[in-house]
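To start, the structure itself, in structure tokens.
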Amino acid sequence: MTTTVNSVFGAGVLSPSTGIVLNNEMDDFSTPTEESPEQLPPAPANFIQPGKRPLSSMTPLIVLKDGKLAGVIGGSGGMNIIPAVTEVFINYFILGMNAVAAVQSPRVYHKLIPNVVSYENVTVIDGEHIELPEEKVVFLEGRGHQLKADGIKAICQLITQTFESSVDLGRKNGRGSLGSVNFGTLTAVSDPRKDGRPAAE
């Protein structure tokens with residue numbers, strides 16, 4: 001499940017009856033005379049109108065393989081969620097990194113406006129320094145990009161599932177076999193960029 005309160009503590013209002021922090025998603029609409037908090041120009045398609053929802057960068061991914069759950073990825077970080085989730089997906093499902101490396105690998109971000117590629121250069125809570133390797137910086141500069149070392153832009157959480165065996169239940173219901181139970185391993189990775197730590201292993 002992915003939810004958002006948008007800014008830190010959302011609207012800064014706590015519902016007295018539910019204890020839920022109310023969001024400030026109205027902030028995600030464009031206003032004709034103002035730039036967005038990310039310094040983007042107003043987008044007419046995102047102007048406030050009755051019945052409309054503001055644009056959101058939420059990008060939850062549910063990945064299936066052969067009809068079975070292979071993994072889920074979610075993130076926080078406004079407009080930077082989309083590239084962060086995409087990079088974690090590519091790292092794990094395309095490049096074959098292990099789950100921890102897929103999340104902790106240095107990331108690059110580009111919002112088109114301004115025309116600058118930001119790359120991570122940050123030390124996280126566990127003392128690990130995350131920075132794009134120099135050879136990748138040189139490669140991007142060689143392609144004509146203007147680069148800027150930056151801090152944490154987005155946070156990603158990844159859960160993967162691998163199947164090791166399958167047992168046929170051999171039971172039937174009115175419409176046929178109930179199928180089999182799959183036995184495997186769930187791996188959950190908490191992004192160290194958020195200065196949090198997993199409570200269990």
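Just so you know, these numbers come straight off a predicted model, no measurement behind them.
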Nearest-0.5 Å distance, [atom1] of residue [X] to [atom2] of residue [Y]:
X	Y	atom1	atom2	value
L186	I159	CG	CD1	7.5 Å
K194	I125	NZ	CD1	13.0 Å
I155	S76	CD1	OG	5.5 Å
M79	S56	CE	OG	11.5 Å
I81	T86	CD1	OG1	11.0 Å
E131	K136	CD	NZ	12.5 Å

Should [X] and [Y] count as side-chain neighbours, where that means a heavy-atom distance under 4.5 Å?
X	Y	value
D191	V88	no
K52	F29	yes
P54	M26	no
Q104	P192	yes

Can [Y] be reached from [X] by stepping across I, L, V, M, F, W or Y side chains whose heavy atoms are under 4.5 Å apart?
X	Y	result
Y119	F139	yes
L95	F89	yes
L69	L61	no
V100	I90	yes
I82	V63	no

Which atom names give the shortest non-hydrogen contact between [X] and [Y], and what distance separates them?
X	Y	value
A84	Y109	CB-OH, 3.8 Å
C156	V103	O-CG1, 3.8 Å
Q157	S190	OE1-CA, 3.0 Å
P42	P32	CG-O, 3.4 Å

| Among T187, I73, V72, whose side chain to side chain contact (heavy atoms under 4.5 Å, CB included) with L158 holds? | I73
Please check if the side chain of [X] supplies one atom and the backbone of [Y] the other of a donor-acceptor pair under 3.5 Å.
X	Y	value
R193	G151	no
N46	L55	yes
K111	N80	no
E120	R107	yes
N98	A101	yes

| Under 6.0 Å from the CG atom of L64, do we count more than 12 heavy atoms belonging to anything else shown? | yes
| For T162, what residues pass the side chain to side chain contact (heavy atoms under 4.5 Å, CB included) criterion, not counting sequence neighbours? | Y92, E164, T185
List the atom pairs, with distances to 0.1 Å, where a side-chain N or O of residues 7-25 and a protein N or O form a donor-acceptor pair under 3.5 Å, not counting sequence neighbours.
residue : atom : partner : partner atom : Å
S7      : OG   : N24     : ND2          : 3.1
S15     : OG   : S17     : N            : 3.4
S15     : OG   : S17     : OG           : 3.3
S15     : OG   : T18     : N            : 3.3
S15     : OG   : T18     : OG1          : 3.0
T18     : OG1  : I20     : N            : 3.2
N23     : OD1  : E25     : N            : 3.0
N24     : OD1  : N6      : ND2          : 3.3
N24     : OD1  : S7      : N            : 3.2

| request: Show your working on side chain to side chain donor-acceptor pair (under 3.5 Å) between H145 and N115 and close with a plain yes or no. | output: CA-CA 8 Å; H145 291 289; N115 190 11; 5.4 Å; no
| field | Presence of salt bridge, D150 and K148, under 4.0 angstrom | value | yes
| task | May I have the step-by-step check of side chain to side chain contact (heavy atoms under 4.5 Å, CB included) for E87 and V108, ending in yes or no? | result | CA-CA 9 Å; E87 289 179 61; V108 296; 4.2 Å; yes
